[in-house]
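First the structure, in the form of structure tokens, and then the observations on it.
The model shown is predicted, which means the values in this text are computed figures rather than measured ones. As a basis for the values below, the full set of heavy atoms in this structure was taken, side chains included, without hydrogen atoms, waters or symmetry mates. Proteins come first, then strands; the chains are lettered A, B, ... in the order of their sequence lines, and each starts at number 1.
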Number of protein chains: 2
Amino acid sequence: MEQNTKIAAKKRIFDAAVSLFARRGFAAVGIREIAKKAGVNISMINYYFNGKAGILKEIINECYDKYYSAILDTGGEKTPLEERVRYLTRNMVDFFRKNTELAIVAFSTIPVDIPEIIDLKIKWIESKREATNKWFKTLGMDVKNAPLMCVIRSFLTSIIFGFVEAQYCCDHIVQAPAMPIHLQDHFKHDDHAVVMDDSFYKKYVEILGCVYLHGVMSMSKKKGKKRSKKKRK
Amino acid sequence: MEQNTKIAAKKRIFDAAVSLFARRGFAAVGIREIAKKAGVNISMINYYFNGKAGILKEIINECYDKYYSAILDTGGEKTPLEERVRYLTRNMVDFFRKNTELAIVAFSTIPVDIPEIIDLKIKWIESKREATNKWFKTLGMDVKNAPLMCVIRSFLTSIIFGFVEAQYCCDHIVQAPAMPIHLQDHFKHDDHAVVMDDSFYKKYVEILGCVYLHGVMSMSKKKGKKRSKKKRK
DNA sequence: GTTTCAATCAAACGATTGTTTAATTATAAT
DNA sequence: ATTATAATTAAACAATCGTTTGATTGAAAC
């Protein structure tokens with residue numbers, strides 16, 4: 001068996017699983033459906049991934065690797081903060097756009113029955129904790145301030161992921177051919193009818209970056225220092 | 001059969017389902033498990049709810065009813081905007097805290113195989129669209145600006161829900177007795193070790209309200225008017 | 001008391017589930 | 001060519017799934 005074809009079968013399974021899990025959820029998709037979509041026999045799931053959970057493990061590893069690459073790339077320290085915020089926002093939006101299904105699966109699946117997956121996720125998050133804290137300190141955040149960090153830490157991820165997931169739902173589930181036509185008419189107005197091309201996302205990134213900057217800087221010690229001068233009487 | 005006991009059986013099923021669905025997901029939880037937890041026979045699911053999907057339908061209706069009550073209660077029009085933002089933020093945080101499991105199930109479950117549920121959700125969202133737009137106009141948002149509205153529309157919900165869901169996961173899944181002990185040690189520092197009591201949430205609301213106000217007002221036509229005066233030469 | 005209606009139960013049904021196993025086929029190495 | 005290894009297949013397994021059905025029990029109405 002040529003390496004190319006070997007890789008192809010494994011990859012086909014992976015891609016089929018990502019797509020199906022994203023639309024339907026991990027628990028609702030069976031290995032027979034994945035195998036059928038990938039054009040392989042069901043035993044291949046076990047052979048290549050050691051079972052269904054193994055697919056999920058690889059999804060999580062690939063997604064988190066890409067995710068943390070995106071969020072930890074915040075530009076040069078000499079760059080003005082405004083530009084860095086914009087740069088980061090763009091990185092993250094790009095990440096979620098390019099890896100929508102991967103992210104939906106990895107971020108939304110919490111398989112309680114499979115502790116090793118929970119373990120894996122926790123390890124990823126913990127291993128990147130200090131690195132992400134560095135960025136928040138750059139923003140002037142007090143990382144020991146618990147309620148503050150609960151707002152700020154996943155700010156961009158929550159907003160972008162929430163939006164991208166909703167769009168995915170709209171495009172691939174509600175608008176999917178299998179869905180009754182009358183439901184598809186619901187999205188023919190306002191932001192739902194907008195062509196979300198690169199131009200749209202450029203504006204989205206600008207706006208979000210601005211909201212993030214202004215919102216977060218209202219909590220920043222860096223900005224707070226400026227104010228403290230005025231308050232001293 | 002007394003009405004009290006009748007209500008009790010149906011409610012026990014509902015509550016058991018909410019709890020199980022929140023932890024494990026709709027597709028992963030079977031009716032036998034729900035019936036066992038509720039202390040009834042499995043046929044009761046069909047009797048009271050016309051099947052598993054019926055439970056989900058009632059969960060969605062109850063949750064969305066409460067959710068929209070919360071987000072549409074934005075205080076009096078005579079009240080200063082700052083206070084209204086704080087008021088709304090508190091409403092929403094309270095809603096998600098009090099109805100965590102309900103919200104997780106209703107917001108996270110997208111049963112592709114059950115178009116009537118998709119339909120129901122869409123109807124809820126569409127029926128409240130104009131009412132929610134009113135608030136955004138109050139904020140000075142241009143509701144026709146698609147990328148702007150894609151940032152602003154679900155801003156608070158994304159952040160609060162994301163946070164509350166993560167805490168639920170931490171408290172009820174990772175920290176659950178069935179989870180191997182070594183995983184539970186991961187959350188003994190920083191914001192994860194904080195007692196999230198009313199005092200914590202009071203600060204959380206303050207901070208989030210402030211971030212929201214400053215972030216959103218950076219995009220507001222109301223604030224924009226003030227600046228336009230200075231720009232005129 | 002009897003009859004009717006509501007609530008509950010257990011059994012059955014056809015279908016599906018992920019994992020395992022042994023056989024077969026394809027490919028690589030000699 | 002033969003042998004060894006990798007990839008693939010089909011069958012089997014034990015378990016589970018949600019819905020349906022008819023029987024039984026409990027409560028209300030008369």
Find the distance [X]:[atom1] to [N]:[atom2] and express it as a whole number of Å.
X	N	atom1	atom2	value
Phe49(B)	dA7(C)	CZ	P	13 Å
Asn41(B)	dA12(C)	CG	P	14 Å
Lys36(A)	dT9(D)	NZ	P	15 Å
Ile13(A)	dT9(D)	CD1	P	10 Å
Lys10(A)	dT8(D)	NZ	P	12 Å
Ile55(B)	dG18(D)	CD1	C1'	11 Å
Leu56(B)	dG18(D)	CG	P	13 Å
Asp113(B)	dA15(C)	CG	P	17 Å

Between side-chain atoms of residues 96-103 of chain A and protein atoms elsewhere (two or more places apart, or another chain), which donor-acceptor pairs fall under 3.5 Å?
{"residue": "Arg97(A)", "atom": "NH1", "partner": "Asp198(A)", "partner atom": "OD1", "Å": "3.3"}
{"residue": "Arg97(A)", "atom": "NH2", "partner": "Asp198(A)", "partner atom": "OD1", "Å": "3.2"}
{"residue": "Asn99(A)", "atom": "OD1", "partner": "Lys66(A)", "partner atom": "NZ", "Å": "3.2"}
{"residue": "Asn99(A)", "atom": "ND2", "partner": "Phe95(A)", "partner atom": "O", "Å": "2.9"}
{"residue": "Thr100(A)", "atom": "OG1", "partner": "Phe96(A)", "partner atom": "O", "Å": "2.7"}
{"residue": "Thr100(A)", "atom": "OG1", "partner": "Arg97(A)", "partner atom": "O", "Å": "3.0"}
{"residue": "Glu101(A)", "atom": "OE2", "partner": "Tyr168(A)", "partner atom": "OH", "Å": "2.6"}

(request) Answer yes or no: is there an ion pair linking Arg90(A) with Asp94(A), defined by an N-O contact shorter than 4.0 Å? (result) no

(request) Output yes when Asp113(B) and Arg24(A) qualify as a salt bridge under the 4.0 Å nitrogen-oxygen rule, no when they do not. (result) yes

Atom pairs under 3.5 Å: protein N/O with N/O of nucleotides 20-22 of chain C:
{"residue": "dT20(C)", "atom": "O4", "partner": "Ser43(A)", "partner atom": "OG", "Å": "3.3"}

(message) Less than 4.5 Å apart, side chain to side chain, heavy atoms only: is that true for Phe26(B) and Ile59(B)?
(response) no

(message) Is any side-chain heavy atom of Tyr67(B) closer than 4.5 Å to one of Lys128(B)?
(response) no

(message) Can you work out whether Met44(A) or Arg32(A) has the more 5'-proximal nearest nucleotide on DNA chain D?
(response) Met44(A)

(request) Take Gly30(A) and Val40(B), find for each the nucleotide of DNA chain C with the closest heavy atom, and name the residue whose nucleotide sits nearer the 5' end. (result) Val40(B)

(message) Taking the six-membered ring of Phe49(B) as reference, does the cationic atom of Lys57(B) (NZ for Lys, CZ for Arg) lie under 6.0 Å from its centre and within 45° of its axis?
(response) no

(request) Compute the centroid of each ring, for Tyr64(B) and then for Phe107(B), and state whether the two points are separated by less than 6.0 Å. (result) yes

(request) Could you please name the option among dA7(D), dG18(D), dT9(D) that lies closest to any side-chain atom of Tyr48(A)? (result) dA7(D)

(message) Expected output is a numbered-order residue list: members of residues 104-111 of chain A with a heavy atom under 4.0 Å from any atom of DNA chain D. What is it?
(response) none

(request) Classify the ring geometry between Tyr212(A) and Phe155(A) as parallel (under 30°), tilted (30 to 60°) or perpendicular (over 60°). (result) tilted

(message) Tell me if a side-chain donor or acceptor on Asp197(B) pairs with a main-chain N or O of Phe200(B) at a distance below 3.5 Å.
(response) yes

(request) Compare side-chain N and O positions of Tyr47(A) against OP1 and OP2 of dT9(D) and report whether any pair is under 4.0 Å apart. (result) no

